[in-house]
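Have a look at the structure below before the remarks.
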Amino acid sequence: MADHTTIQVPKAVRDHLAQVAKDRGVTLGQLVEQLAAEQPTAEQIAQRLQADREVARGTIGVDISDEEFDRAPDVLANIYRIAAEKVRAARGAAA
């Protein structure tokens, strides 16, 4: 049998989670397990970041230090910004 424990939360929180669990067709324990599985720990986030950096290094073929990664611009955010600007410009030209 699996080990179980008790988590103490305010009654309103318990009632809310119980309703969410009911709406999803799972038990309260199953809901808590699902929520916990969706939340990575700081160590898991650090491991993912390191793995992603290794993939990037291998893909571009350049050994970039962690410090250089930390100083680099947010490329994805810049791509989103540029794309949004182009969409706004296209809509303005079509008007």
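Count residues from 1 along the sequence.
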Tell me who clusters with Leu49, hydrophobic residues only, linked when side chains sit under 4.5 Å apart either directly or through other members.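 So far as hydrophobic clustering goes, Leu49 is joined with none.
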
Output the rest of the hydrophobic cluster of Val20: all Ile, Leu, Val, Met, Phe, Trp and Tyr residues reachable through side-chain heavy-atom contacts under 4.5 Å, sorted by chain and number.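 Taking Ile, Leu, Val, Met, Phe, Trp and Tyr as members, Val20 shares its hydrophobic cluster with Ile7, Val9, Val13, Leu17, Val26, Leu28, Leu31, Val32, Leu35.
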
Partners of [X] by side chain to side chain contact (heavy atoms under 4.5 Å, CB included), sequence neighbours excluded?
X: Val55; result: Thr59
X: Thr41; result: Glu43, Gln44
X: Ile79; result: Val75
X: Ile60; result: Val62, Ile64

Salt bridge (Lys or Arg N to Asp or Glu O under 4.0 Å) pairs, two or more places apart, involving [range]:
range: residues 61-75; value: Arg53-Asp66, Arg53-Asp70, Arg57-Asp63, Arg57-Asp66
range: residues 27-39; value: none
range: residues 21-31; value: none

From CD1 (Ile82) to CD (Glu85), nearest 0.5 Å: 7.0 Å

Return yes when atom CZ of Phe69 has more than 12 non-hydrogen atoms of other residues, nucleotides or ligands closer than 6.0 Å, and no otherwise. yes

Sequence neighbours excluded, which residues qualify as salt bridge (Lys or Arg N to Asp or Glu O under 4.0 Å) partners of Lys11?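 Expected list: Asp15.
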
